[in-house]
Colleague: 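This is the structure I have questions about; it appears just below.
Just so it is clear, the values below take in all heavy atoms, side chains as well, and ignore hydrogens, waters and symmetry mates. Note on naming: letters A, B, ... go to the chains in the order of the sequence lines (proteins, then strands), and numbering restarts at 1 for each one.
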Amino acid sequence: MDHLMGLNKAQKAAVEHTDGPNMVIAGAGSGKTRVLTVRIAHLMAVKGIDPFRILALTFTNKAAREMKERIATIVGRGEAANLWMGTFHSIFARILRAEAHLLGYPPDFTIYDTDDSRSVIKGILKEWGLDDKLYKPNQVHARISIAKNNLIGPEEYMNDGELMAGDSASGRDKLGALYMEYATRCFRAGAMDFDDLLFNTNLLFRDHPETMVKYQQRFQYILVDEYQDTNLAQYNIVRTLAARHENITVVGDDSQSIYAFRGANIQNILNFRKDYEDHVLFKLEQNYRSTGNLVGAANSLIDKNRDRIEKTIWTQNGDGEPIRVHRAMSDNDEGAYVAHDIFSTKMQRQVPDKGFAILYRTNAQSRAMEEALRKLNIPYRIYGGTSFYQRKEIKDLLAYFRLTCNPKDEEALKRIINYPARGIGQTTMEKLMVAANEHGLPIWELLHAHLNDLGFHAGTRKHLADFVLMIDSFRTMLTTHSAYALAEHIARTSGMMRELFADRTPEGISRYDNLQELLNGIKEFSDDQEDQDTPRTLPDFLIDVALLTDADNEDPNDNDRVSLMTVHSAKGLEFPYVYIVGLEEDLFPNLMAVQTRADLEEERRLFYVALTRAKERATLTYALSRYRWGNLTACEPSRFLDEIDPKFLELPAAMERMGLQSDPDGGHAERRPPWRSRSGIFTPERPEPTAAPARDPRTARPTSPPRRNLKRINDHGTPLEAASNAGSTMPEGLEEGVTVEHERFGKGKVLKIEGRAPDLKATVFFPSAGQKQLLLRFARLRVLND
DNA sequence: GTATCAATGATTTTT
DNA sequence: TCATTGATAC
C-alpha cells in the first residue's frame, strides 16, 4: 500500500495492527499524527470499515480538521467526511443533542461558555449575600468544573464528607450548595456548560443502557489522540464505548501531559496497560522534527521528572545549532531582542515569517512582544487571548440567536433584554429574577405566561411584552428560514445593527465590521452543505460556534506571520525557529503552579513541550525586570535554565564582556552561565547552592524553597529586600493527600495546601482534634511515609 | 433608568 | 496596565 510508504518500522506496525486495544506512546516529533491518520485511512481503504463506524477523538478542532484533510487525500473527501472525528466536546455535544430528551434537556440546549458560567455563579453569590472575595467566582467555577470532570455530581459532592469538610475548613462551606444551585439553574435554563457535555454523556450512558449499547455497537473502532490529557469523565466515556468491540487505540505522550490543572489524569495513560491486559504497545521514539541538540536538551530536561514512562527519544538529524539563552534587562528589552533577532534571521537565512514562533507562559506576555514586532513591521498573529467570539458585539448577537433557539437561556436573556436599550432596567430585572427563583421557572416563562401578575407598571409591562413579541416572531422563523436569513433578520430587527452603525468612532466601525463578519461566517456555514442534505439551521450553527476557538478562524491566504501563543496552545505544532520567552522564576515555572512536586513536574513538561516545538533552533530569553500589575518587579532566571544540560547551550560572549572569568585554565574552570552571574546590578541574588538547601534532582523540589515573592524595586533599581531564605516552611514530600504528624495533634491527613511562601497554610484533618488550619511556618509537620 | 467617572482588583494554562 | 465595578449626577 503506498500510503504506508515512508513509515518506519514502528510506525508501520502501529498502523497495521488494527484490532484489539493498542497504545502508541509517541515521543515529541515522532510522527504521531501521521500514524494516526494513516491508521484511519488504512482502516477505511484496506479493511473496508465504514467511516461512520470509526470514532476519532482529538483535543482541538484544529487537530481534527487537519487530520480529516490528510485522511481525505488518501481515501477521498466524501469518505472522510463521514468519519466521527472531532473534539471530545463537539462529538458528545452532537450525541447529546440527539439524545437530550432522555436527560430532560431541550434538543436545542445552549452551551454556556466560561463567562456564562461565571455570571450564573455571580448571580447566586449576590442573591445569597455571599462575599465574592471569599467565594471568588472563578474559583467556585474551577471547583465545580473539577468535580464534574471527576464525575462528582452535586448530590455526591454534598454527601462527600471529605469534600465538605475541606470546604468548611477553608471557610467556604457553601461550595456544595453553590454547586447544587448552579446545576439547578443551568438545567432550568436548558443549558450545559463545557464540563456538562462530558458529565452528561456519562449520565446518559449510565442511566440509559439501551442508548449506550447503541453507540457501543456503532463505534467499531475508537481512536483517542493526546490520551495523556484525558480526565476521568473522558476516560470513562472512552472505556464505556470501547467495551463492546475493544478496538481501541490511544495515542499519547506522558511527557507532554500539561492539562492536569483542568482535571487531566496522567494515570489514564499509565494505567492503560492494566485496563486492557491484552493490549499491544508501540513506542515511537525516533524524532524527525528537531536537531540533535534540541532533542538532547529536551531529554536532559524531562529526565528531572519522576512520574514518567521510560523512553529514549533519539534522532538521526544532525546536531544543529546550540540553544541560545538571552538575558534582557526588561520585558520590553526582551521583546526588542526577539523582534530584532527574528528580523536578522529572516534576512540572513531567508526564512518566511511563519517560520517563527514566540511562546510564552501567560497571555499577558504577548503585549511586549507585539509592540516590538509592530515597530519592525513584522507581521504576526496572536493565538488565544480574546477571541473573536468573546467580543462584546459578537456575544450580544449570539445571545439573540441563543434566546431564539432556546428562550429558557437565562444568560442570553439577561444580556440582551435591554440591549439595545429598551427601557428594561436593573430594577425590573431584579424583580424578574427574584420571581423566577421563587417559582423555579425561567424568566421567559414568567414573561410569557405571567406578565400581568408581576406587578409591573403599564409602561414596563409594555416594554417587556414588546420584547417577548419580538423573540416570538424570531422563533416562528426558525423552521422556515435558513441560518443566514434568520440571523440577518435578527441583527436588523433587534436594533443591534442600527445601534452599531450609528457609532462612527473607529472602535464602533470595527464593531460593526465584526458583526458583518459574523454574518458572513453564518452565510458560509449555511451554504456549506457538502456533508448534509438539509440546509443547516441556526441551532446547528450555535452548537458549532460554542465549541469553536479563535484558532479555528485562520485565514489560509494570510498565514505568513510570526506566531505568538502560549505554550499550551502550541502543543502539536512545530516551527523552525522558536523563541521561548519569560523564563523566570514565578512566571515559568508559574508561581501559581509550584505548590507541589506534581505541579512542578507539569510545569517542566510544559517547558518540554515548548522546547520540542522547535525544528532548527530554540532561543530562550528572560528579563531581569518586568512590569506586573503595572509596577516594575525584579525577576530571577528560571530554574529550568539550569536543568538543561549545558552542553546543548550556547553561552554567549556577553560573559567575557561582563568581566567574568572564562576558562582561564584550559576548560576546567567553573563555567558560569550568564544567568548565574554574581555581579549584575539588577541580578537579584539567588541563594548559592551551598547556602541554600540542596535541590534534590529526583524530587525536583527544594527541600526548603527560597522565598519567591516578587520584590518591589526602588528608584535605584535595586531590590528592596534581598531574597530571604528565612522561614523554612515546606517539609519534603508535603502535598495534598499525604499523612503527616503534628507534635500536639498527632497523625492527620493533609486536605489542602494554599497560600504562598512564607505564608503557606495547610488544612489538615486530625482524627483526634478535627480540622485544623496550620501555618507551615510554625507547625512542624512531619510527613509520614506509609 | 441612563451616562459618566473614579476606584478597584486581577493574570495560569483551555474545550 | 487595563477592564470591570460602584457611586454620582442627570
Colleague: Across the strands shown, which category fits A:Asp195 at heavy-atom distances under 4.0 angstrom: base, sugar-phosphate, nothing?
Modeller: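 It contacts nothing in the nucleic acid.
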
Colleague: Calculate the interatomic distance between A:Ile543 atom CD1 and B:dT15 atom P; express it in whole Å.
Modeller: 17 Å

Colleague: Figure out the CG/P separation between A:Asp331 and C:dT1, and round it to whole Å.
Modeller: 12 Å

Colleague: I want to verify a distance call: between B:dT2, B:dT11, B:dT14, whose nearest atom is closest to the A:Thr362 side chain?
Modeller: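 Of the options given, the side chain of A:Thr362 lies nearest B:dT11.
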
Colleague: Can a salt bridge be assigned to the pair A:Asp113 and A:Arg118 using a cut-off of 4.0 Å between side-chain N and carboxylate O?
Modeller: no

Colleague: Is any side-chain N or O of A:Asn138 closer than 4.0 Å to OP1 or OP2 of B:dT12?
Modeller: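 For A:Asn138, the contact criterion (side-chain N or O under 4.0 Å from OP1 or OP2 of B:dT12) is not met.
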
Colleague: Determine the interatomic distance between C1' on B:dT11 and the same-named atom on C:dG6; round to the nearest Å.
Modeller: 23 Å

Colleague: Assign A:Lys136 to base, sugar-phosphate, or nothing according to its heavy-atom contacts below 4.0 angstrom with the strands shown.
Modeller: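 Here A:Lys136 touches the backbone only, sparing every base.
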
Colleague: Report yes if a side-chain nitrogen or oxygen of A:Thr428 is closer than 4.0 Å to either non-bridging phosphate oxygen (OP1 or OP2) of B:dG1; otherwise report no.
Modeller: yes

Colleague: Are any of A:Thr427's side-chain N or O atoms less than 4.0 Å away from OP1 or OP2 of B:dG1?
Modeller: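 Affirmative; the distance criterion is met.
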
Colleague: Does a side-chain N or O of A:Lys122 approach OP1 or OP2 of C:dT5 to a distance below 4.0 Å, or not?
Modeller: yes

Colleague: Are B:dT13 and A:Phe261 stacked, with the base six-membered ring and the side-chain ring centres under 5.5 Å apart and planes under 30°?
Modeller: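 Yes; by the centre-distance and plane-angle rule, A:Phe261 counts as stacking on B:dT13.
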
Colleague: Are any of the side-chain nitrogens in A:Arg391 or A:Asp396 under 4.0 Å away from the carboxylate oxygens of its partner?
Modeller: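 The answer is no: the pair does not qualify as a salt bridge.
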
Colleague: Side chain of A:Trp629: nearest nucleotide among B:dT2, B:dT11, B:dT15?
Modeller: B:dT11

Colleague: Does A:Lys392 reach a base, just sugar-phosphate, or nothing at all? Heavy atoms under 4.0 Å.
Modeller: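 A:Lys392: no heavy atom of the nucleic acid under 4.0 Å.
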
Colleague: Reckon A:Phe194 touches a base, only the sugar-phosphate, or nothing at all at heavy-atom distances under 4.0 Å?
Modeller: base

Colleague: With a 3.5 Å limit on both atom pairs, tell me what B:dT11 is paired to, counting Watson-Crick and G-U wobble, or say none.
Modeller: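 Its partner: none found.
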
Colleague: How long is the line joining CG of A:Asp229 and P of B:dT13, in whole Å?
Modeller: 16 Å

Colleague: Take atom C1' in B:dT13 and the same atom in C:dT4, then report the distance between them in whole Å.
Modeller: 22 Å

Colleague: If you assign each of A:Ser90 and A:Ala593 to its closest nucleotide in DNA chain B, which residue comes earlier from the 5' end?
Modeller: A:Ala593

Colleague: For B:dT15, does OP1 or OP2 lie under 4.0 Å from any side-chain N or O of A:Asn149?
Modeller: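 Checking A:Asn149 against B:dT15: no side-chain N or O falls below 4.0 Å of OP1 or OP2.
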
Colleague: When you check the gap from the basic side-chain N to the acidic O, do A:Arg597 and A:Glu601 get nearer than 4.0 Å?
Modeller: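 Salt bridge: yes.
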
Colleague: A:Tyr360 OH to B:dT12 P: how many Å, rounded?
Modeller: 16 Å

Colleague: Between A:Glu603 and A:Arg361, is the closest basic N to carboxylate O distance under 4.0 Å?
Modeller: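 Salt bridge between A:Arg361 and A:Glu603, a charged N being under 4.0 Å from a carboxylate O: yes.
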
Colleague: Atom CE of A:Met369 to atom C1' of C:dT1: distance rounded to whole Å?
Modeller: 17 Å

Colleague: Nearest to the side chain of A:Arg262, heavy atoms from C-beta on, is which of B:dT11, B:dT12, B:dT14?
Modeller: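 Of the candidates, B:dT14 comes closest.
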
Colleague: Nearest whole Å is fine: how far is C:dT4 P from A:Asp132 CG?
Modeller: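 Computing the A:Asp132:CG to C:dT4:P distance gives 15 Å.
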
Colleague: Answer yes or no: does a side-chain N or O of A:Asn631 lie under 4.0 Å from OP1 or OP2 of C:dT1?
Modeller: no

Colleague: Are A:Lys462 and A:Asp466 close enough for a salt bridge, meaning some N to O gap below 4.0 Å?
Modeller: yes

Colleague: Categorize A:Asp113 for me: base, sugar-phosphate, or nothing, with a 4.0 angstrom heavy-atom threshold over every strand shown.
Modeller: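 Nothing, no heavy atom under 4.0 Å.
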
Colleague: Rounded to the Å, how far apart are A:Arg604 CZ and B:dT12 C1'?
Modeller: 18 Å

Colleague: Quick one: which of B:dT14, B:dG9, B:dT2 gets closest to the side chain of A:Thr566?
Modeller: B:dT14

Colleague: With side chains defined as the heavy atoms from C-beta onward, is the minimum distance between A:Glu226 and A:Tyr259 less than 4.5 Å?
Modeller: no

Colleague: Would you indicate what A:Thr114 reaches in the nucleic acid, counting non-hydrogen atoms under 4.0 angstrom: base, sugar-phosphate, or nothing?
Modeller: base

Colleague: So among A:Thr230, A:Thr87, A:Val224, which one has a side-chain contact (heavy atoms from CB on, under 4.5 Å) with A:Phe59?
Modeller: A:Thr230

Colleague: Select base, sugar-phosphate, or nothing to describe what A:Phe88 touches, counting heavy atoms under 4.0 Å on all strands.
Modeller: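 No contact at all - A:Phe88 keeps every heavy atom at 4.0 Å or more from the nucleic acid.
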
Colleague: Quick one: A:Tyr135 OH to B:dG9 P, roughly how many Å, whole number?
Modeller: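 Result: 19 Å.
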
